[in-house]
Amino acid sequence: MSNGRHSLRNTRFELGLNITIRPITLDDAGGFHAALDSVVRERRFLRLTEAPPLARSLQFIASNLASGNPQFVAIDGDEIVGWCDICRSGEQDSEHCGGLGMGLLASHRGKGIGTTLVTAALNAAQGKFERVELEVYASNTPAIALYEKAGFAHEGRRRRALLRDGVHEDILMMGLLLS
Ligand SMILES: CC(C)(COP(=O)(O)OP(=O)(O)OC[C@H]1O[C@@H](n2cnc3c(N)ncnc32)[C@H](O)[C@@H]1OP(=O)(O)O)[C@@H](O)C(=O)NCCC(=O)NCCS
């Protein structure tokens, strides 16, 4: 794997274009909520179709901070333009597993920000999780390419698992074993 994942040890990165990647804080709740809402309203990539109430975002961040779940944000100027989190499974006997979620504003895709976000989150997950897993829609070519580049393996396909706006979609399961 030549993605440089193991060479990025710091938790704050400057990407150029005035983009900073850093761990989330409670003060980011509003910006995170707005970014999430923007991505889910596209209806193409994530289960939600609108963000939950702002209080839920605040609760989500607080819970991640309290439990040490990695959650990073990408910031352009003072705007949050993306996020990546790895949340510990609540299922009995799967507590060693984390579920990865991420997204970027449409205006900020294809510039390497997603790669840096996932790298930061996976570095932070080392030693905390044995396995990171995710689901991705089969039509989401950029996300699948990003996850493959980060070392995720294809683990299964839930055929026609989604029916949105009259269109069926397969859901792919991917996983990464951490050392
Ligand atoms: C998926 C997502 C996070 C990727 O982040 P990104 O910053 O756009 O991706 P990067 O620029 O870091 O590119 C990573 C890799 O993805 C692939 N990729 C990026 N854009 C692509 C495109 N338009 N078509 C095909 N592959 C693409 C490339 O392999 C690229 O690696 P390379 O540049 O070394 O070849 C981002 O596009 C996004 O937020 N999409 C909408 C929300 C979403 O899909 N979330 C994940 C749900 S599972």
Joint cluster assignment, I21 & V39, ILVMFWY side-chain distance < 4.5 Å: no
Where P70 and A124 come nearest, the two heavy atoms and their spacing: CB-CB, 3.8 Å
From D27 atom CG to I80 atom CD1, the distance as rounded to the nearest 0.5 Å: 9.5 Å
Do any side-chain atoms of residues 55-65 form donor-acceptor pairs under 3.5 angstrom with protein atoms, and if so which ones, sequence neighbours left out?
{"residue": "N64", "atom": "OD1", "partner": "N69", "partner atom": "ND2", "Å": "3.0"}
{"residue": "N64", "atom": "ND2", "partner": "F60", "partner atom": "O", "Å": "3.4"}
{"residue": "N64", "atom": "ND2", "partner": "Q71", "partner atom": "OE1", "Å": "2.9"}

For G114 against L104, the heavy-atom pair lying closest together: N-CD1, 3.7 Å
Nearest atoms (heavy-atom pairs only) where L176 meets G151: CD1-O, 3.3 Å
Sub-4.5 Å side-chain heavy-atom contact between P52 and L48: yes
Residue pair F72 / I24, side-chain heavy-atom distance below 4.5 Å: no
Where H33 and A51 come nearest, the two heavy atoms and their spacing: NE2-CB, 3.7 Å
R43: partners by side chain to side chain donor-acceptor pair (under 3.5 Å), with sequence neighbours left out: D165
Any residue meeting salt bridge (Lys or Arg N to Asp or Glu O under 4.0 Å) with E155, in chain and number order, not counting sequence neighbours: R131
Distance (rounded to the nearest 0.5 Å) between L100 CG and I86 CD1: 5.0 Å
Distance in Å, I19 CD1 paired with K111 NZ, rounded so as to fall on 0.5 Å steps: 8.0 Å
Any side-chain heavy-atom pair of C84 and L122 under 4.5 Å: no
Where at least one partner belongs to residues 117-148, residue pairs that pass ring-ring contact (aromatic ring centres under 6.0 Å, His included), sequence neighbours excluded: Y147-F152
Non-neighbouring partners of N140 that pass side chain to side chain donor-acceptor pair (under 3.5 Å), sequence neighbours left out: none
Separation of L162 CG from I171 CD1 (nearest 0.5 Å): 5.0 Å
Considering all heavy atoms, the nearest C97-E133 contact: CB-OE2, 3.9 Å
Listed partners of R109 passing side chain to side chain donor-acceptor pair (under 3.5 Å), at least two apart: E42
Shared hydrophobic cluster for V167 and F45 (ILVMFWY, side-chain gaps under 4.5 Å): no
Partners meeting side chain to side chain contact (heavy atoms under 4.5 Å, CB included) with I144 (sequence neighbours left out): V136, E148, H154, L172
Partners meeting salt bridge (Lys or Arg N to Asp or Glu O under 4.0 Å) with R157 (sequence neighbours left out): D170
All pairs passing salt bridge (Lys or Arg N to Asp or Glu O under 4.0 Å) where residues 135-144 contributes a residue, at least two apart: E135-R158
Check: L117 and V73 side chains under 4.5 Å, non-hydrogen atoms: no
Interatomic distance, M102 atom CE to L46 atom CG [nearest 0.5 angstrom]: 10.5 Å
Heavy-atom check, side chain of T49 versus side chain of V40, under 4.5 Å: no
Qualifying salt bridge (Lys or Arg N to Asp or Glu O under 4.0 Å) pairs, either residue in residues 28-41, two or more places apart: R22-D28, D37-R41
Atom pair OG (S107) and CD (E79), whose distance is rounded to the nearest 0.5 Å: 6.5 Å
Set of side chain to side chain donor-acceptor pair (under 3.5 Å) partners for R47, sequence neighbours left out: none
Side-chain heavy atoms of T115 within contact of L146, under 4.5 Å: yes
Pairs meeting criterion side chain to side chain donor-acceptor pair (under 3.5 Å) with involvement of residues 86-97, two or more places apart: none
